[in-house]
Amino acid sequence: MNIREMHEFLNYLWESIFRLNNELEDVLKERGFTVEPVEEAFNGYIYIDGEWRLMKYPYPVFEVKPHGEIGATLQGFYFVFAVPREKLTPEFIREFTENFKKAFIYGAVDFLKDFYNPDTRAGAEEIIERISSSPEKIVQFEVEAKTPEELKETLFRFIEIEAKHGILED
C-alpha cells in the first residue's frame with residue numbers, strides 16, 4: 001500500500017464531499033430539500049466482492065432531508081434515499097433499475113439483504129414481490145458513482161424519477 005496515494009485519495013473524497021455539500025445546498029433547496037452539514041460517519045457498509053462489509057473507519061456524509069444521504073467511500077460517491085414501502089410501484093422500480101447501473105435496493109432494518117443489486121438483477125415485479133414478502137416498512141434506494149460530477153448527474157436523474165412517481169412526497 002502506498003501511504004501517499006491513500007492519503008491523497010482520502011483527501012480527495014473528503015474535499016469532494018465538502019464541495020458537493022456547498023454546490024448542492026441551494027440547488028436542492030429549490031427542489032424542497034434541506035442539505036445538512038458534512039459529518040463523519042462510522043460503521044457503514046461497503047459492497048465488495050458481492051457482499052456488504054463493515055467499514056470501521058470514518059467516511060464523509062451529509063443528509064439531504066427528507067429521506068436522503070450523500071457520502072463517499074473507498075469505492076467512490078453514493079446517495080441513498082429511504083422510501084416508505086407503500087409508495088413503491090413497479091413503474092418506479094423499473095425506471096430506477098433501468099436508469100442506474102450501480103444501484104442497490106435494500107431494507108432499513110435488514111439492510112445487509114438486498115432486494116436488488118448489480119449482481120442479482122431482477123425485474124420490477126420480482127423486486128416488488130421480494131419487498132412485499134419482507135417485514136421492511138422502509139426501503140432504501142442507493143446509487144454509486146465514480147466522480148462527484150457523476151453523482152450530481154445521477155442524483156438529479158433520481159430526483160426527476162422520484163418526482164414523476166411521487167415517491168418522496170409526504
Side-chain angles (χ1 to χ4, degrees), residues 1-25 27-28 33 35-65 67-83 92-122 124 127 130-131 134 136 138-162 167-168:
M1 168 178 47
N2 182 314
I3 293 174
R4 177 176 286 126
E5 287 176 4
M6 180 64 72
H7 169 77
E8 290 171 0
F9 182 67
L10 289 172
N11 277 341
Y12 163 73
L13 292 178
W14 280 87
E15 289 170 351
S16 296
I17 287 296
F18 278 111
R19 190 177 75 247
L20 277 168
N21 182 268
N22 287 331
E23 291 174 0
L24 292 172
E25 186 173 16
V27 175
L28 291 179
F33 297 95
V35 174
E36 296 291 320
V38 173
E39 300 176 339
E40 56 187 31
F42 291 88
N43 296 319
Y45 286 80
I46 188 170
Y47 194 74
I48 301 173
D49 299 329
E51 67 181 328
W52 291 101
R53 297 178 188 228
L54 177 63
M55 297 183 294
K56 295 179 182 178
Y57 47 86
Y59 58 99
V61 300
F62 61 91
E63 287 185 65
V64 177
K65 292 183 177 181
H67 315 294
E69 175 182 282
I70 293 175
T73 69
L74 297 177
Q75 288 181 308
F77 303 88
Y78 73 90
F79 66 81
V80 60
F81 280 85
V83 178
F92 169 73
I93 289 180
R94 186 174 301 106
E95 201 162 347
F96 177 81
T97 58
E98 288 173 356
N99 272 274
F100 305 106
K101 292 178 185 165
K102 190 80 178 208
F104 302 87
I105 303 172
Y106 50 87
V109 176
D110 188 3
F111 54 86
L112 296 178
K113 183 179 180 224
D114 298 327
F115 300 119
Y116 176 88
N117 69 49
D119 296 327
T120 59
R121 299 213 176 258
I127 296 167
R130 291 176 186 170
I131 293 168
S134 81
E136 298 288 350
I138 303 293
V139 179
Q140 300 188 80
F141 289 78
E142 180 174 329
V143 175
E144 291 185 357
K146 291 292 182 199
T147 66
E149 295 74 23
E150 181 186 353
L151 178 105
K152 286 194 307 192
E153 175 189 319
T154 56
L155 175 65
F156 294 139
R157 192 172 341 131
F158 175 79
I159 290 170
E160 288 174 15
I161 293 168
E162 72 78 16
I167 298 299
L168 297 180

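Numbers here simply count residues along the sequence, with the first being 1.
The shortest heavy-atom contact between E162 and F92 is CA-CE1, 4.0 Å. Heavy-atom minimum distance, A82 versus I138: CB-CG2, 3.5 Å. Nearest heavy-atom pair, V38 versus P60, reported as atom, atom and distance to 0.1 Å: CG1-CB, 4.3 Å. Scanning all heavy atoms of the two residues, the minimum distance from A41 to V61 falls at CB-CG2, 3.8 Å.
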Kindly list each side-chain donor-acceptor pair under 3.5 angstrom involving residues 99-116, sequence neighbours excluded, with atom names and distances?
unit_1: N99; atom_1: ND2; unit_2: E95; atom_2: O; d: 2.8
unit_1: Y106; atom_1: OH; unit_2: E142; atom_2: OE1; d: 2.5
unit_1: D114; atom_1: OD1; unit_2: W52; atom_2: NE1; d: 2.9
unit_1: D114; atom_1: OD2; unit_2: W52; atom_2: NE1; d: 3.1
unit_1: D114; atom_1: OD2; unit_2: N117; atom_2: ND2; d: 2.9
unit_1: Y116; atom_1: OH; unit_2: R121; atom_2: NH1; d: 2.1

Less than 3.5 Å apart, which donor and acceptor atoms pair up between the side chains of residues 72-81 and the rest of the protein, not counting sequence neighbours?
unit_1: T73; atom_1: OG1; unit_2: Q75; atom_2: N; d: 3.2
unit_1: Q75; atom_1: NE2; unit_2: Y47; atom_2: O; d: 2.5
unit_1: Y78; atom_1: OH; unit_2: E69; atom_2: OE2; d: 2.5

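With rounding to the nearest 0.5 Å, the separation of CD in E150 from CD in E144 is 10.0 Å. In this structure, the separation between CZ on F156 and CD1 on I161 is 14.0 Å, given to the nearest 0.5 Å. One finds the OG1 atom of T154 at 9.5 Å from the CD1 atom of I159 (value rounded to the nearest 0.5 Å). Atom CG in N21 sits 10.0 Å away from atom CD in E39 (nearest 0.5 Å).
Side-chain atoms of L28 and L155, non-hydrogen and from C-beta on, do get closer than 4.5 Å to each other.
With sequence neighbours excluded, no residue forms a side-chain hydrogen bond (donor to acceptor under 3.5 Å, both in side chains) with N2. Every residue two or more places apart in sequence or in another chain that forms a salt bridge (charged side-chain N to carboxylate O under 4.0 Å, His left out) with R94 is listed here: E125.
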- Task: Could you go through the side chain to side chain contact (heavy atoms under 4.5 Å, CB included) check for L24 and V64 one step at a time?
- Result: CA-CA 9 Å; L24 292 172; V64 177; over 6 Å; no

- Task: Evaluate the criterion side chain to side chain contact (heavy atoms under 4.5 Å, CB included) for residue pair V143 and F96; output intermediate values, then yes/no.
- Result: CA-CA 10 Å; V143 175; F96 177 81; 3.7 Å; yes

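Within the structure, every pair that satisfies the side chain to side chain donor-acceptor pair (under 3.5 Å) test and touches residues 53-65, not counting sequence neighbours, is listed here: E51-R53. Among residue pairs with one or both ends in residues 8-25, those qualifying as salt bridge (charged side-chain N to carboxylate O under 4.0 Å, His left out) are R19-E23, R19-E149, E23-K152; sequence neighbours excluded.
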